[in-house]
J.: 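Quick one: this structure, given as structure tokens, is what I'll be asking you about.
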Number of protein chains: 2
Amino acid sequence: MKDILFDFLSKYVSLTDDEKNALLALDIFRSVKKGTVLLQEGQKSKDSYFILKGCIRTYYLIDGEEKTTAFYTEMEVLTPPCVISKTPSEYYVGCLEDTILTVSNSDMEEETNRKFPKFETLCRVLSEELLAKQRIDFDAFKTSSPEQRYLNLIQKRPDLIQRVPQHQLASYLGIKPQSLSRLRARILEKKS
Amino acid sequence: MKDILFDFLSKYVSLTDDEKNALLALDIFRSVKKGTVLLQEGQKSKDSYFILKGCIRTYYLIDGEEKTTAFYTEMEVLTPPCVISKTPSEYYVGCLEDTILTVSNSDMEEETNRKFPKFETLCRVLSEELLAKQRIDFDAFKTSSPEQRYLNLIQKRPDLIQRVPQHQLASYLGIKPQSLSRLRARILEKKS
DNA sequence: CGTATTTCTTAACTTAAGTGAACAAGCGAT
DNA sequence: ATCGCTTGTTCACTTAAGTTAAGAAATACG
């Protein structure tokens with residue numbers, strides 16, 4: 001379990017045993033049950049998550065309707081915007097499956113960054129990379145139709161289509177569940 | 001002109017005169033004419049931009065059509081994804097107006113980060129903040145209709161509606177120029 | 001088990017965006 | 001001042017998504 005974390009981190013910086021132990025001493029590993037809500041709308045939080053196993057999602061409650069905007073699975077990091085802006089959260093974070101993750105709070109990170117400059121570099125590189133990746137995703141979303149987005153999802157994240165309920169996928173694609181059903185039927189028709 | 005840059009930076013870190021001079025020594029200020037293309041599709045680049053005055057946009061060329069995905073104006077930073085991924089650019093960067101900006105390349109930044117840890121912190125905080133901001137924008141886009149997006153844009157970036165051509169605004173909103181025209185007529189009708 | 005709830009699909013109808021085309025206004029360059 | 005190109009609007013028509021509703025299938029749970 002620890003290995004998954006360190007394998008991930010080794011892609012960005014190489015850590016000494018001392019540094020690894022410092023990380024482990026923080027006792028950040030958590031196991032949470034499917035259905036758990038990690039963060040509520042309106043709540044303040046300083047926690048970031050790194051998924052070791054399982055799946056979580058972020059969603060808004062708009063006019064009584066859940067709007068899912070992102071999924072995070074194995075080896076992915078989520079720092080909710082409210083942690084950065086220090087304001088109440090605009091969205092919920094919930095577990096779609098039994099999930100193992102690390103929970104680290106921003107005070108802790110500040111301190112670690114001060115103690116080990118290497119971590120500051122890690123955080124900078126990681127967020128630069130996430131920013132670029134998210135920009136590409138955003139652009140792809142803007143420049144394509146719901147159908148193209150769905151076909152793209154099949155290519156890029158085939159696992160999500162298996163493990164996530166359709167109506168959550170639908171709002172992730174920016175449409176209603178009924179439209180996703182129809183769209184899928186349309187694609188099947190074309191193939192034949 | 002330098003003051004605009006230092007005012008911006010002072011929101012994140014406080015710089016000594018020595019540090020300021022080190023920055024100025026890099027000679028990063030540029031003045032570019034309206035219409036200039038700063039980055040082409042397929043091109044490799046290490047340059048990031050900070051806009052002091054004017055406006056630039058990023059756009060894709062898809063099936064011979066320009067798809068504008070972002071605008072950057074006064075006090076905004078753009079690091080194209082290709083700079084981070086070190087791969088050829090997927091999009092163009094062009095100037096909508098005569099623009100004054102700084103151009104800094106990533107090698108330069110690496111070095112500055114090594115010399116002044118303060119800059120590393122600056123870069124980390126800035127990209128964390130941009131990541132969070134972009135996430136909020138992306139979510140808002142996904143969870144709203146073209147009409148809501150347009151109304152939202154009037155609230156959040158009224159300047160863009162004045163200074164940017166409609167057809168570029170349209171693709172920024174994820175629709176065709178004709179649809180934007182119609183949508184605006186529809187809104188006017190509702191008001192009366 | 002079997003019942004309740006959630007999830008998914010289908011269908012008919014409404015609304016809005018995409019498409020193709022025509023036209024007018026604005027702007028830039030000569 | 002004029003010619004040409006870019007830009008914005010309008011219209012008729014097509015296509016696809018939103019809405020409302022009903023029912024089937026899968027899943028959760030007592």
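We use all heavy atoms of the structure for the numbers below, so side chains are in, but hydrogens, waters and symmetry mates are not.
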J.: Which parts of nucleotides 23-30 of chain D does protein reach within less than 4.0 Å, heavy atoms only, written one letter per nucleotide 5' to 3' as B for base, S for sugar-phosphate only and - for none?
T.: -----S--
J.: Quick one: does NZ or CZ of A/Lys2 land under 6.0 Å from the six-membered ring centre of A/Phe6, within 45 degrees of the ring axis?
T.: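 No, cation not above the ring by the 6.0 Å, 45° rule.
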J.: Tell me the bend of the helix from C/dC1-D/dG30 to C/dT30-D/dA1 as the angle between end helix axes, each from five pairs, rounded to the nearest 10 degrees.
T.: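 The angle separating the two end axes equals 60°.
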J.: Output all residues satisfying side-chain hydrogen bond (donor to acceptor under 3.5 Å, both in side chains) with B/Thr79, sequence neighbours left out; order by chain, then residue number.
T.: B/Ser48
J.: For every nucleotide of nucleotides 15-20 of chain D, 5' to 3': is a protein heavy atom under 4.0 Å from its base (B), only from its sugar-phosphate (S), or from neither (-)?
T.: -SBBBB
J.: Mind listing the side-chain donor-acceptor pairs of residues 167-178 of chain A below 3.5 Å, one per line with the distance, residues two or more places apart or on another chain?
T.:
{"residue": "A/Gln168", "atom": "OE1", "partner": "A/Arg57", "partner atom": "NE", "Å": "3.4"}
{"residue": "A/Ser171", "atom": "OG", "partner": "A/Thr68", "partner atom": "N", "Å": "2.9"}
{"residue": "A/Ser171", "atom": "OG", "partner": "A/Gln168", "partner atom": "O", "Å": "3.4"}

J.: Looking only at side-chain N and O atoms, does B/Thr73 offer a donor or acceptor that is under 3.5 Å from a partner on B/Arg157?
T.: yes
J.: State plainly whether the residues B/Glu129 and A/Lys86 are in salt-bridge range, i.e. N to O under 4.0 Å.
T.: no
J.: Taking ring pair (Phe, Tyr, Trp, His ring centres under 6.0 Å) as the cut-off, I'd like each qualifying pair that reaches into residues 93-134 of chain B, sequence neighbours left out, listed once.
T.: B/Phe116-B/Phe119
J.: Roughly how many Å is it from CG in B/Leu180 to P in D/dT10, rounded to a whole number?
T.: 12 Å
J.: State plainly whether the residues A/Arg114 and A/Glu110 are in salt-bridge range, i.e. N to O under 4.0 Å.
T.: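 Salt bridge between A/Arg114 and A/Glu110, a charged N being under 4.0 Å from a carboxylate O: no.
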J.: Residues in side-chain hydrogen bond (donor to acceptor under 3.5 Å, both in side chains) with A/Thr99, at least two apart?
T.: none
J.: Near DNA chain C, under 4.0 Å by heavy atom, which residues of residues 151-171 of chain A?
T.: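 Residues of residues 151-171 of chain A that come under 4.0 Å of DNA chain C are, in numerical order, A/Pro165, A/Gln166, A/His167.
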J.: Measure the distance from CG on B/Leu96 to C1' on D/dT6 and round it to the nearest whole Å.
T.: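 From B/Leu96 CG to D/dT6 C1': 14 Å.
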J.: For A/Glu120 and B/Thr121, does a side-chain donor sit closer than 3.5 Å to a side-chain acceptor?
T.: yes
J.: Please output the side-chain donor-acceptor pairs of residues 27-38 of chain B that fall under 3.5 Å, not counting sequence neighbours, one pair per line with the distance.
T.:
{"residue": "B/Arg30", "atom": "NH1", "partner": "B/Asp27", "partner atom": "O", "Å": "3.3"}
{"residue": "B/Thr36", "atom": "OG1", "partner": "B/Lys33", "partner atom": "N", "Å": "3.4"}
{"residue": "B/Thr36", "atom": "OG1", "partner": "B/Lys33", "partner atom": "O", "Å": "2.5"}

J.: Looking at residues at least two apart in the chain, or sitting in another chain, which of them share a side-chain hydrogen bond (donor to acceptor under 3.5 Å, both in side chains) with B/Thr112?
T.: none
J.: Would you list the pairs meeting ring pair (Phe, Tyr, Trp, His ring centres under 6.0 Å) in which at least one residue belongs to residues 44-64 of chain B, sequence neighbours left out?
T.: B/Phe8-B/Phe50, B/Tyr59-B/Tyr92, B/Tyr60-B/Tyr91
J.: Show me, pair by pair, the donor-acceptor contacts under 3.5 angstrom made by side chains of residues 100-108 of chain B, not counting sequence neighbours?
T.:
{"residue": "B/Ser104", "atom": "OG", "partner": "B/Glu109", "partner atom": "OE2", "Å": "2.9"}
{"residue": "B/Asn105", "atom": "OD1", "partner": "B/Asp107", "partner atom": "N", "Å": "2.8"}
{"residue": "B/Asn105", "atom": "OD1", "partner": "B/Met108", "partner atom": "N", "Å": "3.0"}
{"residue": "B/Asp107", "atom": "OD1", "partner": "B/Lys46", "partner atom": "NZ", "Å": "3.2"}
{"residue": "B/Asp107", "atom": "OD2", "partner": "B/Lys46", "partner atom": "NZ", "Å": "3.1"}

